[in-house]
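In what follows, a single structure is set out as structure tokens and then discussed.
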Number of protein chains: 2
Amino acid sequence: MKRNSRLSSTLHILVHMADAPDRALTSEQLAGFIHTNPVVVRRTIAGLREAGIVTSSRGHGGGWQLGRAPDKISLAEISAALGETLLPFSTEPESPGCLVEQAVIAVLDDFRLEAERLLTERLSHITLADLTADFRRRYDLIGVSSHAV
Amino acid sequence: MKRNSRLSSTLHILVHMADAPDRALTSEQLAGFIHTNPVVVRRTIAGLREAGIVTSSRGHGGGWQLGRAPDKISLAEISAALGETLLPFSTEPESPGCLVEQAVIAVLDDFRLEAERLLTERLSHITLADLTADFRRRYDLIGVSSHAV
DNA sequence: CGATTCGTAACTAATTAAGTTACATGAAAC
DNA sequence: GTTTCATGTAACTTAATTAGTTACGAATCG
């Protein structure tokens with residue numbers, strides 16, 4: 001798993017889980033999808049369990065399943081559960097007392113607040129179901145073109 | 001200079017430059033504002049020079065100055081000149097051929113495109129002049145409260 | 001009980017970005 | 001023209017972050 005690809009990797013995993021709603025997938029299987037280690041998977045999606053997006057069970061036949069229907073799981077929730085920051089720039093003061101820095105931080109924080117509101121709003125309208133639908137569309141297209149040849 | 005603080009550090013520097021329009025500030029002086037090394041400053045704002053946001057001159061009395069009026073310099077230009085990415089998540093394929101990944105990337109790239117358009121639009125309405133105005137407001141407030149005491 | 005699977009801590013490795021040193025280039029002062 | 005000052009840039013070092021790995025305890029099923 002590359003850097004900064006936690007969101008896309010997690011979505012990848014979740015679509016696979018949505019595609020197999022009847023059975024639990026193990027960390028090992030999920031890791032295979034994104035070419036990484038089972039422990040990395042468990043660590044990465046631990047927050048999703050706490051958010052109720054997925055459930056996990058131990059022991060024989062255990063593994064991971066979606067916590068609710070794919071159309072009730074938005075990308076906004078997933079991103080938040082991953083602890084991802086939408087906007088990467090920092091506004092930590094480095095020169096406390098400097099009025100110039102205070103002005104910069106104030107403006108930047110205002111922008112960040114508004115931007116995060118906007119992005120979260122948009123992400124909340126995209127659900128896992130949209131992703132699986134997109135996947136099925138691609139899958140069917142491949143099938144059709146195979147027949148055509 | 002902390003990680004991910006290139007944007008705020010650069011804005012800090014630029015406001016100081018806007019506040020001293022009559023003379024060039026050296027990398028050394030600029031570095032002092034953000035507690036870092038002159039070479040880091042030169043490296044960081046090299047892109048701003050190429051974008052015409054600042055000019056630099058060598059030798060005696062040399063240093064850095066704004067390339068145009070503060071109200072003609074938007075945060076969108078600055079961010080772009082720094083090579084900053086507004087949205088941090090990666091959509092690089094890691095499993096070429098996997099239709100699930102393709103669907104995820106397609107949706108995510110769509111979102112990114114729209115989000116970047118939105119954020120850039122907003123950043124293009126905030127100028128260096130807005131930042132200096134905010135700074136002056138804070139400066140005057142301090143003055144007033146000092147008198148009050 | 002034995003096999004399986006998650007949960008998590010602890011450590012290692014890889015990557016990235018900042019900090020530093022060094023030196024060539026160019027411009028102004030004298 | 002030589003000295004001084006400043007940028008431009010390459011190369012290297014250091015620090016921080018994140019992914020990968022190993023290990024083992026806890027829980028669950030047959």
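So you know, we letter chains A, B, ... as the sequences are listed, proteins then strands, and number each from 1. FYI, side chains are in, hydrogens and waters are out, and symmetry mates aren't considered; it's all heavy atoms of this structure.
For B:Arg42 and C:dT21, the CZ to P distance is 13 Å, given to the nearest whole Å.
At a non-hydrogen distance threshold of 4.0 Å, nothing from residues 75-97 of chain B comes into contact with DNA chain D. Scanning residues 1-8 of chain A for heavy-atom distances under 4.0 Å to DNA chain D yields A:Met1, A:Arg3, A:Arg6. Near DNA chain D, defined here as any heavy-atom distance below 4.0 Å, the residues from residues 53-62 of chain B are B:Ser56, B:Ser57, B:Arg58, B:Gly59, B:His60, B:Gly62, listed numerically. Contacts between residues 21-38 of chain A and DNA chain D, defined by a heavy-atom separation below 4.0 Å, involve A:Thr36, A:Asn37, listed by number.
For residues 8-63 of chain A, the ring pair (Phe, Tyr, Trp, His ring centres under 6.0 Å) pairs, not counting sequence neighbours, are A:His12-A:His16, A:His16-A:Phe33.
A 4.5 Å side-chain heavy-atom check between B:Pro38 and B:Thr26 finds every atom pair outside the cut-off. The closest side-chain heavy-atom distance from A:Leu119 to B:Leu119 is below 4.5 Å. Residues A:Trp64 and A:Gln29 fail the side-chain proximity criterion, which asks for heavy atoms closer than 4.5 Å.
A search for side-chain hydrogen bond (donor to acceptor under 3.5 Å, both in side chains) contacts involving B:Ser5 returns A:Glu94, not counting sequence neighbours. Residues that satisfy the salt bridge (Lys or Arg N to Asp or Glu O under 4.0 Å) test with A:Arg43, not counting sequence neighbours, are absent from this structure. Legend: residues meeting side-chain hydrogen bond (donor to acceptor under 3.5 Å, both in side chains) with B:Glu92, ordered by chain and number and at least two apart, are absent. Residues satisfying the ring pair (Phe, Tyr, Trp, His ring centres under 6.0 Å) test with A:Phe89, not counting sequence neighbours, are none. In this structure B:Ala69 satisfies the side-chain contact (heavy atoms from CB on, under 4.5 Å) test together with B:Asp71, B:Lys72, sequence neighbours excluded. Contacts of B:Ser79 classified as side-chain hydrogen bond (donor to acceptor under 3.5 Å, both in side chains), with partners at least two apart in sequence or in another chain: none. Under the rule for a side-chain contact (heavy atoms from CB on, under 4.5 Å), the partners of A:Thr10 that lie at least two apart in sequence or sit in another chain are A:Leu14, A:Thr44, A:Ile45, A:Leu48, A:Ile78, A:Leu82.
No donor-acceptor pair closer than 3.5 Å links the side chain of A:Ser9 to the backbone N or O of A:Arg6.
Minimum interatomic distance between B:Arg42 and B:Ser27 (heavy atoms only, all atoms of both residues): CG-OG, 3.1 Å.
For the pair A:Arg49 and C:dC6, the criterion of a side-chain N or O lying under 4.0 Å from OP1 or OP2 is not met.
DNA chain D is contacted by both B:Val39 and A:Val39; B:Val39 maps to the nucleotide lying nearer its 5′ end (nearest heavy atom per residue).
The base of D:dT18 has none of its N or O atoms less than 3.5 Å from a complementary donor or acceptor on the side chain of A:Arg43.
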